[in-house]
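Chain naming here is simple, since letters A, B, ... match the order of the sequence lines and numbering starts at 1 in each.
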There are 4 protein chains.
Amino acid sequence: MFPIDARDSRPIYEQIIDQIKEQVMKGILKPGDQLPSVRQLASMLTVNANTVMKAYTELERQEVIETIRGKGAFIAMMPSKVISEKQIIEVRKALKSSFVAMHYMGMSKQEVMAEIEKIYDELSKEEE
Amino acid sequence: MFPIDARDSRPIYEQIIDQIKEQVMKGILKPGDQLPSVRQLASMLTVNANTVMKAYTELERQEVIETIRGKGAFIAMMPSKVISEKQIIEVRKALKSSFVAMHYMGMSKQEVMAEIEKIYDELSKEEE
Amino acid sequence: MFPIDARDSRPIYEQIIDQIKEQVMKGILKPGDQLPSVRQLASMLTVNANTVMKAYTELERQEVIETIRGKGAFIAMMPSKVISEKQIIEVRKALKSSFVAMHYMGMSKQEVMAEIEKIYDELSKEEE
Amino acid sequence: MFPIDARDSRPIYEQIIDQIKEQVMKGILKPGDQLPSVRQLASMLTVNANTVMKAYTELERQEVIETIRGKGAFIAMMPSKVISEKQIIEVRKALKSSFVAMHYMGMSKQEVMAEIEKIYDELSKEEE
DNA sequence: GTGGTCTAGACCACT
DNA sequence: GTGGTCTAGACCACG
């Protein structure tokens, strides 16, 4: 379904969260679509069920998905737009940190911008 | 000297690393400039000396600073240029993750781009 | 598991690093093999866990091992190939220093060469 | 006189010791030759006099030089040939460590051997 | 004074 | 269980 890298420094449950959000953004997953069950996804990704559970719980908290008892988990109908100040500060810090890192990798602002465009293209392009 | 946020999810030593790199990028710290000693910075930030030590060690490894035995730590003369494939992949993932997060915060690509410009301005503007 | 000499002038964490690299080179440890956990190795060697941690962190940075969160540390699949100019200069200095020392011990070039062959044999010979 | 690198990881006093031994080995300094005084050498190298003192003391202990009160320091007449088991073990460890490092830098045994020959050539060639 | 190593022990995040 | 961060405090080598 999607690639999980156990060697990645980012925790697996976070990778799952991001992958699902990404698929929604790309339109691969649409509002109302049903997600695989915790156990199913766990066996697909060969990770622990608790790890998937943690991802789903967090996704629900963020209102990206909705879980209905006895039915399963579904992509939420209404995209959440509650933006907390905290989140904005967090993402700004993350961006700044990335830019400093890229600067130290010898990339000019232009090169960084090109990289950003590239990533944005990927995100809007629907993949199989 | 610079702000350390104990409640931040990122480890303290990483925050120190980023702050110093940022100050170099802004031109506040220039090649050859002496950094505060490990113990000094530790007491300034009210963190443990070992934590500062860890940051300095990593900065030296990245060739951002040079330490001279018995003398102290200094901003490196030669900007480092060693880039590993791993680093590039990491930073791309980080960017993508930020963009997905911003999308979920309801920001359009244009708004994201404006945000990026703003952060870049901050990074090139010398602060007091 | 392997010998650590507290009286050795070289730091313990460096001795651990070298021992593990040596075992990989000899083929005793193979790509994918799991290493003892930080705490296990610490108690085996009767050193502090932080000391072993430091060694593992550095080995990961050098891409000799990979650590997987919650699972443990493993010998890396891909042999690392990142070489910095600095490292080459360092190792040349170390060699020169050794040769000067051996000369002062009254060893001729031939004797030195014989010694080198002997050490190389040891390194390629798989030990129990 | 000879190059001292404060940024080098090796202590300055050790660099001085090695440089003097190297010059003796190359024949630039011959038995009976007078060395510069501690203060002279210190100012030549722009290092602390205590540091040079430490180097001279160690060189005398190793019987590489002889100091005569009121006269100065001289290269020893008899090359010392006392070899302690300890020294041999030390130098073997150093060599092994270098070889492992070179192996990890992707150098084959042949390449290492070529490197060794090169260093040996340098050591026998009298320089200005 | 400086950096660097090491210990002991706590606490956290992840699986 | 695993690695990872952090503190507090000791001791050493170097200049």
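- The listed nucleotides are F:dG4, E:dT7, F:dT7; the one nearest the side chain of B:Val47 is F:dT7.
- The nearest whole Å value for the distance from the CD atom in C:Glu58 to the C1' atom in F:dG4 is 16 Å.
- Taking only side-chain nitrogens and oxygens, C:Arg69 comes nearer than 4.0 Å to OP1 or OP2 of E:dT15.
- A salt bridge is absent between C:Glu90 and C:Lys86; no separation between the charged side-chain nitrogens and carboxylate oxygens falls under 4.0 Å.
- When each of A:Arg10 and B:Thr57 is assigned the nucleotide of DNA chain E bearing its nearest heavy atom, the one mapping closer to the 5' terminus is B:Thr57.
- Atom CZ of D:Arg7 is separated from atom C1' of F:dC14 by 17 Å (rounded to the nearest Å).
- Of the side-chain N and O atoms in B:Lys54, one or more sit less than 4.0 angstrom from OP1 or OP2 of F:dT5.
- Of all nucleotides listed (E:dT2, E:dT7, F:dT2), E:dT7 comes nearest to the side chain of C:Thr51.
- The CE-C1' distance, from C:Met53 to E:dC12, rounds to 13 Å in whole Å.
- Summary of the strand contacts: C:Ala73 and B:Ala49 both lie near DNA chain F, and taking for each the nucleotide with the nearest heavy atom, the more 5' one is attributed to C:Ala73.
- Atom-to-atom, CZ of C:Phe74 to C1' of F:dG3 comes out at 11 Å; the value is rounded to the nearest Å.
- No side-chain donor from either of D:Gln23 and D:Gln19 sits under 3.5 Å from a side-chain acceptor of the other.
- Under the 4.0 Å criterion applied to side-chain N and carboxylate O atoms, C:Lys93 and D:Asp8 are assigned as salt-bridge partners.
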> Just the dot-bracket of DNA chain E, please: which string comes out with Watson-Crick or G-U pairs under 3.5 Å, [ ] for crossing, | for another strand?
Replying inline: ||||||||||||||.
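- In this entry the distance linking CD of B:Glu66 with C1' of E:dG3 reads 15 Å, nearest Å.
- Judged as a side-chain hydrogen bond (donor to acceptor under 3.5 Å, both in side chains), and not counting sequence neighbours, A:Thr46 has no contacts.
- Within the nucleic acid shown, C:Asn48 comes within 4.0 Å of at least one base atom, counting heavy atoms only.
- Spacing between atom CD of A:Gln15 and atom C1' of E:dA13 amounts to 15 Å, rounded to whole angstrom units.
- Within a 6.0 Å radius of CZ in D:Arg7, no more than 12 heavy atoms belonging to other residues, nucleotides or ligands are found.
- Using a 4.0 Å heavy-atom cutoff across all strands shown, A:Ile12 reaches sugar-phosphate atoms only and no base atom.
- The residue among C:Pro11 and B:Pro36 whose nearest nucleotide of DNA chain E is located toward the 5' end is B:Pro36.
- In terms of phosphate contacts, A:Tyr13 brings a side-chain nitrogen or oxygen within less than 4.0 Å of OP1 or OP2 of E:dC14.
- Taking side-chain N and O atoms only, B:Thr67 has no distance below 4.0 Å to OP1 or OP2 of E:dG3.
- Judged by distance alone with a 3.5 Å cut-off, no donor-acceptor contact links the side chain of B:Asn50 to the base of E:dG4.
- Remark: the C:Arg39 side chain and the F:dG3 base include a donor-acceptor N/O pair separated by less than 3.5 Å.
- Taking each heavy atom of C:Ala76 and C:Pro31 in turn, the nearest pair found is O-CB, 3.5 Å.
- Minimum atom distance to the side chain of C:Tyr56 is reached by F:dG3, of the listed F:dG3, F:dG15, F:dC14.
- The backbone N or O of B:Val100 sits nowhere less than 3.5 Å from a side-chain atom of A:Glu22 that would complete a donor-acceptor pair.
- When the side-chain hydrogen bond (donor to acceptor under 3.5 Å, both in side chains) test is applied to D:Ser37, no partner is found at least two apart in sequence or on another chain.
- As a whole-Å value, the separation of C:Lys71 NZ from F:dG3 P is 13 Å.
- Spacing between atom CG of A:Leu41 and atom C1' of E:dT15 amounts to 15 Å, rounded to whole angstrom units.
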